**Student:** 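One structure is given below, represented as structure tokens, and several questions about it will come after.
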Protein chains: 2
Amino acid sequence: MKNDSDLFLDNQLCFPFYATSRLITRLYQPLLKKIDLTYPQYLVMLVLWESDSIIVSQLGKRLFLNSNTLTPLLKKMEQKGLLIRKRSNEDERTVIIELTSKGQKLKTKATGIPNSLKEQLNINMPMEDILELKKSLWKFLGNFETIQL
Amino acid sequence: MKNDSDLFLDNQLCFPFYATSRLITRLYQPLLKKIDLTYPQYLVMLVLWESDSIIVSQLGKRLFLNSNTLTPLLKKMEQKGLLIRKRSNEDERTVIIELTSKGQKLKTKATGIPNSLKEQLNINMPMEDILELKKSLWKFLGNFETIQL
DNA sequence: CAAGATTTAATCTTAAACAATTTAATACAT
DNA sequence: ATGTATTAAATTGTTTAAGATTAAATCTTG
């Protein structure tokens, strides 16, 4: 069952997920800087642009994040004027997040981002990095026997 | 070209990578705590267990990390006695990382981790989270038209 | 060989992540 | 109804992640 090769970095399925996630975030960074958002902040905005208003726990379920991450993040976004936080009247434990008009308007500026990113991917992503990751992912698609999460 | 649905969270390929990566790291955490490692520290150990000695820049290429992340990480691991850092004689700019015997020995304790993780996955990962991610990944495998990185 | 460019790691700063704990509100069981 | 459990968010402390800059060594090129 246990195998020495289980500990090879290239046999860890977790690693391409970890590395790809960070590389994509890096690509986003210059684009998001133009609208003064970080990547996790952008994810919050994506949710709010869909729903306008949501309680923290539901937002957390959507993004797989807890209040220990979300609370400081949302406070920062409130300071920027993108949203407001208020306790619910029905249940004082819950906090409702509401998009402000400034937050609404930001959506217009954001519409070009997905396409810009695709261009970024070709221009600024080092080709060796892409190949490395494609190789990793391909390996796992081609050979499930050695997968280690 | 631009489409309103481009900004739907569920159309972002980046998100399942980001979320899966964090969920896997969370699963690792209790297992790695037993051998006093964090997930990125574990990745460094995986590389060192393969090569015993490596310079920082090469390690960075392997893990897609720069010195601004690696230097503090490696210093912490040096304090734990897992490795030593020393300047190369041939090129004083480069820093060589070498596994200590303590670092070597840790490998034995780590051999069970990949299998333990698979059990963790079944026991401790909330099934709804897994289903959510499977749905996301499936969506992208099934429909490349709407992919937004 | 000397000036400028490049490489390598370290430093500084800001922002996420997340475990563990705390605080407050609500649900619930006897 | 009251004490106990549960839930929601916030707080605290530690570790990553990464942009921007710095400092030192090495390479390059005239």
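Chain identifiers are assigned alphabetically (A, B, ...) following the order of the sequence lines, protein sequences preceding nucleic acid strands; residue numbering begins at 1 within each chain. This structure is a prediction, so every number in the text was calculated from the model and none was measured.
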**Student:** B:V56 side chain: which of D:dA9, D:dA20, C:dA9 is closest?
**Tutor:**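 That would be C:dA9.
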**Student:** Which whole-number value in Å describes the distance from A:L32 CG to D:dG19 P?
**Tutor:** 12 Å
**Student:** Can you find a side chain N or O atom of B:T94 that sits less than 4.0 Å from OP1 or OP2 on D:dA25?
**Tutor:** no
**Student:** Can you find a donor-acceptor pair, distance only, under 3.5 Å between A:N68 side chain and C:dA19 base?
**Tutor:** yes
**Student:** Are B:D36 and B:K109 ion-paired here, with the side-chain N under 4.0 Å from a carboxylate O?
**Tutor:**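 The answer is no: the pair does not qualify as a salt bridge.
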**Student:** Distance check needed: C:dT11 P versus B:L73 CG, whole Å only.
**Tutor:**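 Going from B:L73 (CG) to C:dT11 (P), I get 14 Å.
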**Student:** Look at the side chain of B:T38 and decide which nucleotide, out of D:dT16, D:dA9, C:dA15, has an atom nearest to it.
**Tutor:** D:dT16
**Student:** Of A:K76 and B:K33, whose closest DNA chain C nucleotide lies nearer the 5' terminus?
**Tutor:**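 Its nucleotide being nearer the 5' end, the pick is A:K76.
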**Student:** Write down the distance between CG (A:L70) and P (C:dA16), rounded to a whole number of angstrom.
**Tutor:**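 Atom CG in A:L70 sits about 11 Å away from atom P in C:dA16.
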**Student:** Fit a plane to each ring of A:Y28 and A:Y39, take the angle between them on a 0 to 90° scale, and name the class: parallel (under 30°), tilted (30 to 60°) or perpendicular (over 60°).
**Tutor:**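 A:Y28 and A:Y39: tilted rings.
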**Student:** Between A:I97 (CD1) and D:dA8 (C1'), how many Å, whole number?
**Tutor:** 12 Å
**Student:** Would you kindly give the OH-to-P distance between A:Y39 and D:dA18, to the nearest whole Å?
**Tutor:** 13 Å
**Student:** To the side chain of B:R26, which of C:dA19, D:dA8, D:dG19 is closest?
**Tutor:**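 When the side chain of B:R26 is considered, C:dA19 is the closest of C:dA19, D:dA8, D:dG19.
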**Student:** Charged N to carboxylate O under 4.0 angstrom, B:R62 versus B:E50?
**Tutor:**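 So B:R62 pairs with B:E50 through a salt bridge.
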**Student:** Report the residue (A:L74 or A:Y18) whose heavy-atom-nearest nucleotide on DNA chain D is the more 5′ of the two.
**Tutor:**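 Whichever sits nearer the 5' end wins; that is A:L74.
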**Student:** Which nucleotide, D:dT26, C:dA25, D:dG19, lies nearest any side-chain atom of A:Q29?
**Tutor:** D:dG19
**Student:** Below 4.0 angstrom, N of the basic side chain to O of the carboxylate: do B:R87 and B:E92 qualify?
**Tutor:**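 Between B:E92 and B:R87 there is no salt bridge, as every charged N stays at least 4.0 Å from the carboxylate O atoms.
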**Student:** Please report, rounded to the nearest Å, how far the P atom of D:dA17 is from the CG atom of B:L63.
**Tutor:**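 Atom-to-atom, B:L63 to D:dA17, this comes out as 10 Å.
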**Student:** So if I take every side-chain heavy atom of B:L65 and compare against D:dG19, D:dA17, C:dA20, which nucleotide ends up nearest?
**Tutor:**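 Nearest to the side chain of B:L65 among the choices is D:dA17.
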**Student:** Below 4.0 angstrom from OP1 or OP2 of D:dA18, is there any side-chain N or O of A:R22?
**Tutor:**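 Affirmative; the distance criterion is met.
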**Student:** Kindly say whether, by distance alone, the side chain of B:S67 makes a donor-acceptor pair under 3.5 Å with the base of C:dA10?
**Tutor:** yes
**Student:** Taking atom types as modelled and ignoring hydrogens, do the side chains of B:D52 and B:Q104 form a donor-acceptor contact shorter than 3.5 angstrom?
**Tutor:** yes
**Student:** Given atom CD of A:E90 and atom P of C:dT26, what is their separation to the nearest angstrom?
**Tutor:**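 Those two atoms, CD and P, are 10 Å apart.
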**Student:** Go through D:dA17, D:dA8, C:dA10 for me and flag the one nearest to the B:R85 side chain.
**Tutor:**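 Ranking D:dA17, D:dA8, C:dA10 by closest atom to the B:R85 side chain puts C:dA10 first.
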**Student:** Within the structure, does a side-chain N or O atom of A:K80 lie under 4.0 Å from either OP1 or OP2 of C:dA15?
**Tutor:** no
**Student:** Measure from the side-chain heavy atoms of B:K75 and tell me the nearest of C:dT11, D:dA9, C:dA9.
**Tutor:**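 The nucleotide sitting nearest to the side chain is C:dT11.
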**Student:** Can you check whether B:T69 has a side-chain N or O nearer than 4.0 Å to OP1 or OP2 of D:dA17?
**Tutor:** no
**Student:** Where the side chain of B:R93 is defined as all heavy atoms beyond and including C-beta, which of D:dA10, C:dA24, C:dT8 is the nearest nucleotide?
**Tutor:**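 Of D:dA10, C:dA24, C:dT8, C:dT8 is nearest to the side chain of B:R93.
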**Student:** How close or far is atom P of D:dT16 from atom CG of B:N66, stated in whole angstroms?
**Tutor:**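 These atoms are roughly 16 Å apart.
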**Student:** Closest approach of A:S53 and A:I96, non-hydrogen atoms and distance?
**Tutor:** OG-CG2, 3.8 Å
**Student:** From the options D:dA25, C:dA19, C:dA25, select the nucleotide whose nearest atom is closest to the side chain of A:E92.
**Tutor:** C:dA25
